Q: 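Below are the C-alpha cells for one structure; questions will follow.
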Amino acid sequence: MVSRFVNFGPRARRAFSDVLGGSAASVLSITFGLSYALLIFAGPLAPYLSYGVAATFITSAVLAAVLALGSSLPFAIAGPDSSTAAITGILAASLVERMAATDPTAPLLAPTLITLGFSTIVTGIVLCGFGVTRMGRAIRYVPYPVVGGFLGATGLLIVLGAIRVITGHRLQFRTLDRFANVTTLSELCAACAMALILNLTWRRSRRSLGLPVILIGGVIAAHLAFWIFGISPEEAQASGWTFQPPPPTHFMLPWNASELRHYPWYALPDLLGNLVAVVFVTASSTLFNTTGIEVAVHREADLERELNVTGLANILAGALAGYPGCISISRSILNLGSGGTGRLSGLTAAAISALMLAVAPELLGYMPKFVLGGLLIYLGTDQLHKWIVESRKRLSKTEYVSLLAIIVIIVGWGFVPGVLIGVVIGCATFALSAARIESIKYSFDGSEYRSSLDRSRGDQEVLLAHGGKIQGLNLQSYLFFGSANRLYQHVKALLQRCPECRYLIFDFKLVTGIDSSAAYSFAQIKRSAHDLGVKLVLVHLSAAAEKVLRSSEFISSEVSVIPELDHALEWCENELITQHQGLEQEEASLRDWFAQILGDEYDADELVRRCHRIEVEAGEIIVRAGDAADSMHFILDGRVGIMVPADEARTTRVRSLGRYTTIGEMGLVSQAPRSATIQAEVASVLYVLNTHQFEAIKAAAPELSHKLLTYFVSVMAERLTFANRTIAVLRR
C-alpha cells in the first residue's frame with residue numbers, strides 16, 4: 001500500500017498541474033470564443049447568436065479533445081483561431097448576401113449552419129490529405145509576403161468585423177452617415193479605449209487571469225457608468241450599448257433531407273473562393289502555429305501528424321455544425337507555462353468549453369458591446385501591427401510593398417485574387433533575386449581543405465586524423481524559405497552522417513541574398529547543431545544577409561561570424577589542435593627517444609618528420625608473415641607480439657615488445673619477406689618508417705642513415721645475445 005501511495009503522489013501532482021494549466025488556457029478559449037461567435041453571427045445573423053455560441057463552444061470542445069488525444073505535442077490546446085474565425089465570418093456573410101439578393105424571405109439559420117459544417121468537413125478532409133501525402137510542407141514554398149499579406153488582411157477584416165459587431169453597420173463609404181451620431185461614435189471610442197487598455201496591459205504580461213480581470217473590469221465600469229448617468233439595462237440594450245440577451249443555447253444538426261433540399265445550391269459558385277480561403281487559412285494557421293510553438297518551446301513537432309489530427313478534429317466539428325479551428329500558440333504556451341504538460345490539459349479545456357454551452361448566453365446578456373468589440377479590435381490591430389509594422393524590419397522594400405498590395409487586393413476583391421496575384425508577385429520577386437535555386441555549390445571537410453597557414457608535421461597529422469570534425473558548405477544563389485528548408489534537411493543528414501562533426505562552416509560568398517522567411521530554417525539548423533554540440537561559423541556574410549539573420553536572433557554568442565574562409569578554417573584548426581595537445585606531448589616523447597638513439601636532436605627531428613603515426617587496437621594485425629618487408633615500426637606506446645605458426649593452425653608468441661622498442665628493422669635493410677606476424681597485444685601507438693623514406697634519408701642525410709644502421713646492428717646484437725643465453729640454458 002505504501003508503494004502504491006508513493007507512486008500515486010507524483011501522478012496526482014502531474015494531473016493537478018494539467019488540470020490547472022488546461023483551466024488557465026480555457027479562460028482564453030472562452031473569451032475568444034464569445035468574440036468569434038459575435039464576429040461570425042453579425043448583421044442579419046445576429047438573431048441566431050445563440051446557435052453561434054453553441055457552434056463556437058462545440059468547436060472548441062471537439063478540437064481541444066481530439067488534439068489532446070492525438071497531437072505530437074501533448075500540452076497542445078486547440079480551438080477556433082482569430083484568422084479562421086475572420087474568414088469563416090466572411091464566408092457566412094457572403095452566403096447571407098447572396099441569399100438576400102435572391103430571396104429576402106429565405107430562412108438563414110439552416111443554410112448558414114450547413115455552410116459552416118460543410119466548409120469545416122472539407123477543410124478537415126484537405127488537411128488529412130495534406131498530412132497523408134506530406135503535401136502540407138508545400139505551404140513552406142509560398143512566398144513570405146503572400147502569407148504576411150494574407151494574415152494581415154485577416155487582421156484588417158477582424159477590425160472591420162468588430163466595428164460591425166459594435167455598431168450593427170458595415171464600415172463602407174455609402175454607410176458613413178450612419179456613424180455620424182453621438183451614440184455610435186461613443187461606442188466606437190469606448191471599444192478603442194478597451195483595445196488600448198488590452199494592448200497596454202495584457203499584451204505585455206500574458207498572465208492567465210489578466211484577460212478575464214480586464215474584461216470583467218470593463219463590464220463593471222460600463223454598468224457603473226450606466227447607473228451614474230441613469231441609464232437602465234433596458235435602455236442600454238435599446239440604444240445598442242449592450243447585447244440583446246439571446247435565448248438559451250440551441251444545438252441544431254442541419255443534416256436532414258428537408259434542409260438539404262432547400263439549401264441555396266445556386267450560391268455555391270460564389271462561395272467557392274471563400275471556401276478555398278477557409279481551407280488555406282486553416283492549413284497555414286495549423287502549420288505556422290505549430291512551428292511557432294516549436295520555436296517557443298524548443299521542441300520539434302510532427303507536422304504530418306498535426307495535419308492529420310487537426311483534419312480529423314475539423315471533420316468531427318463540421319459534422320456537429322461547427323466551424324474550422326486549429327492548434328493555438330497563445331493557449332498552448334499559457335498551458336505549458338501554467339504547469340500543464342500532459343494530455344489531460346486539453347481534455348480539461350474541452351470539458352470547460354462544453355460546460356460553457358449552458359452559461360455563455362447569460363454572460364452575453366450583461367456584456368456591453370464595446371468590451372467584446374474592443375477585444376476584437378485588439379486582436380485585429382495586433383495582427384496588423386505584426387504584419388505591417390514589425391515585418392518592415394524583416395522584409396526588403398520590394399517584399400514589403402508586395403505585402404501591402406496583397407492586403408489591399410484581398411480586402412478589395414477577395415482572398416483568392418489576393419493570393420493568386422500575391423503568388424505572381426512573389427514568384428516575380430524571387431525570379432529577379434535568384435538566378436539559380438540550388439543553395440549548396442560544394443561541401444568540404446577539414447581533412448581535405450585547410451587554411452593557408454603552414455603547420456608542423458604534428459599539427460598536420462592532427463588535422464589529417466581529425467579534420468572530419470570540421471565540415472563546410474559553400475552556399476550560393478538566393479536563399480528563400482524553400483531552398484533554406486532543403487538546406488536544413490541537408491544539414492540534418494550531414495550531422496547524422498558525420499556524428500564526429502564539431503565545427504560547421506557556412507560560406508556565404510556566392511549568396512546573392514537571403515529572404516526573411518529563410519531565417520526560420522536557419523533557426524532550425526541552429527537548434528539541431530546546438531543539440532549535437534556543433535559550433536556554427538559564418539563567413540563572407542554580407543551586411544544585408546547579416547541584418548536578416550540578426551533580426552531573427554539567429555546570430556548570437558553560439559554563432560561565430562568571421563570575415564574570410566581562410567581565417568575561419570585557421571580558427572577551427574587551432575581549436576581542434578588545442579583539443580589534441582596530447583599528440584604534441586607524444587611527439588615530444590618520440591623526439592626525446594630518437595635523440596637518445598641517434599645522439600643528435602637535429603637528426604631526431606628529421607627522423608620524426610620521415611615517420612608517420614598509426615594507432616592499432618588490441619588484437620589488430622600490424623604485418624603478416626610473408627608480406628613484403630617495406631617498413632619498420634617504432635613502438636612509442638603499448639605492446640606487440642611476434643607470432644609464428646604452430647600446430648593445428650595455431651600461433652605461438654615467440655617474443656613481446658613494449659614501448660621504446662623497434663621491430664622490422666632488418667627486413668627494412670634486407671627487404672626479405674616477413675618471417676613472422678606482428679600483432680598488437682594492447683592498444684598501441686607506433687611510428688612507421690617505410691622503405692621510400694629510408695631511401696630518402698640515405699640520399700639526403702647519409703650521416704643519419706649511418707646512425708640508423710648502427711642502431712639496427714646494436715639492437716640485433718642485443719637480441720642475439722639474449723637468444724644465445726636462452727640456448728645455453730636449454731642445453732643444461
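The figures here come from the full heavy-atom set of this structure, side chains too, leaving out hydrogens, waters and symmetry mates. The model shown is predicted, which means the values in this text are computed figures rather than measured ones.
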Q: Assess the residue pair Leu347 and Leu69 against the criterion (side chain to side chain contact (heavy atoms under 4.5 Å, CB included)); give the C-alpha distance rounded to whole Å, side-chain angles, the decisive distance to 0.1 Å, and a yes or no.
A: CA-CA 8 Å; Leu347 296 176; Leu69 296 175; 4.2 Å; yes
Q: Which pair of non-hydrogen atoms, one from Leu536 and one from Ala529, has the smallest distance, and what is that distance?
A: CD2-CB, 3.7 Å
Q: Do the side chain of Ser119 and the main chain of Leu116 share a donor and acceptor less than 3.5 angstrom apart?
A: yes
Q: Do Phe522 and Leu479 come close enough that some side-chain heavy atom pair is under 4.5 Å?
A: yes
Q: Can you give me the closest heavy-atom contact between Val309 and Gly70, atom names plus distance?
A: CG2-O, 3.3 Å
Q: So, does Thr282 use its side chain to make a donor-acceptor pair with the main chain of Val279 at under 3.5 Å?
A: no
Q: When you compare the side chains of Ser94 and Asn274, does any donor N or O come within less than 3.5 Å of an acceptor on the partner?
A: yes
Q: Taking the side chain as every heavy atom from C-beta outward, state whether Thr341 and Ser17 have any pair of such atoms under 4.5 Å apart.
A: no
Q: If we ignore hydrogens and angles and just use 3.5 Å, is the side chain of Arg98 paired with the main-chain N or O of Ala267 as donor and acceptor?
A: no
Q: Under 6.0 Å between the ring centres of Tyr48 and Phe41?
A: no
Q: Could you go step by step and tell me if Leu127 and Asn308 meet the side chain to side chain contact (heavy atoms under 4.5 Å, CB included) rule?
A: CA-CA 6 Å; Leu127 290 179; Asn308 286 326; over 6 Å; no
Q: Are any side-chain N or O atoms of Ser528 and backbone N or O atoms of Ile525, one a donor and one an acceptor, separated by less than 3.5 Å?
A: no
Q: Show your working on side chain to side chain contact (heavy atoms under 4.5 Å, CB included) between Ile121 and Asn314 and close with a plain yes or no.
A: CA-CA 6 Å; Ile121 292 174; Asn314 277 280; over 6 Å; no
Q: Any donor and acceptor pair, going by atom type alone, linking the side chain of Asp382 with main-chain N or O of Tyr378 inside 3.5 Å?
A: no
Q: To check you understand the geometry: which heavy-atom pair defines the closest contact between Glu304 and Gly131, and what is its length?
A: CG-O, 3.4 Å
Q: State, with a plain yes or no, whether a side-chain heavy atom of Tyr400 is found less than 4.5 Å away from one of Ile388.
A: yes
Q: Would you give the length of the straight line joining atom CG of Leu504 to atom NZ of Lys526, rounded to the nearest 0.5 angstrom?
A: 14.0 Å
Q: Looking only at heavy atoms, what is the nearest atom pair of Gly346 and Ala64, with distance?
A: O-CB, 3.7 Å
Q: If we ignore angles and hydrogens, is there a donor and acceptor under 3.5 Å between the side chains of Glu306 and Ser72?
A: yes
Q: If every non-hydrogen atom of Leu253 is compared with every non-hydrogen atom of Asn256, which pair is closest and at what distance?
A: O-ND2, 4.1 Å
Q: Do Thr56 and Tyr323 have side-chain atoms, one donor and one acceptor, less than 3.5 Å apart?
A: yes
Q: Taking all heavy atoms of Thr310 and all of Gly325, pick out the closest pair and write down the distance.
A: CG2-O, 3.8 Å
Q: Quick check: do Val126 and Phe280 have side-chain heavy atoms less than 4.5 Å from each other?
A: no
Q: Can you tell me how far apart CG (Leu73) and CZ (Arg343) are? Round to the nearest 0.5 Å.
A: 9.0 Å
Q: Does a side-chain heavy-atom distance below 4.5 Å link Ile315 with Thr123?
A: no
Q: What's the separation between atom CD1 in Ile440 and atom CG in Leu473, rounded to the nearest 0.5 Å?
A: 5.0 Å
Q: Say you draw a straight line from CZ of Phe118 to CG of Leu275; how long is it, rounded to the nearest 0.5 Å?
A: 6.5 Å
Q: Can you check whether Ile114's main-chain N or O pairs, donor with acceptor, with Trp255's side chain at less than 3.5 Å?
A: no
Q: Side-chain contact, heavy-atom cut-off 4.5 Å: Asp81 with Pro324?
A: no
Q: Between Tyr263 and Thr115, do the side chains contain a donor N or O and an acceptor N or O under 3.5 Å apart?
A: yes
Q: Supply the atom-to-atom distance Ser71 OG to Ile77 CD1, rounded to the nearest 0.5 angstrom.
A: 10.0 Å
Q: Under a 3.5 Å distance rule, please check whether Ser345 uses its side chain to pair with a backbone N or O of Asp18 as donor and acceptor.
A: yes
Q: Evaluate the side-chain proximity of His490 to Ser439: yes if any heavy-atom separation is below 4.5 Å, no if none is.
A: no
Q: How long is the span from the CG atom in Leu312 to the CG atom in Leu307, to the nearest 0.5 Å?
A: 12.5 Å
Q: Are the side chains of Cys498 and Gln471 in contact, using a 4.5 Å heavy-atom criterion?
A: yes
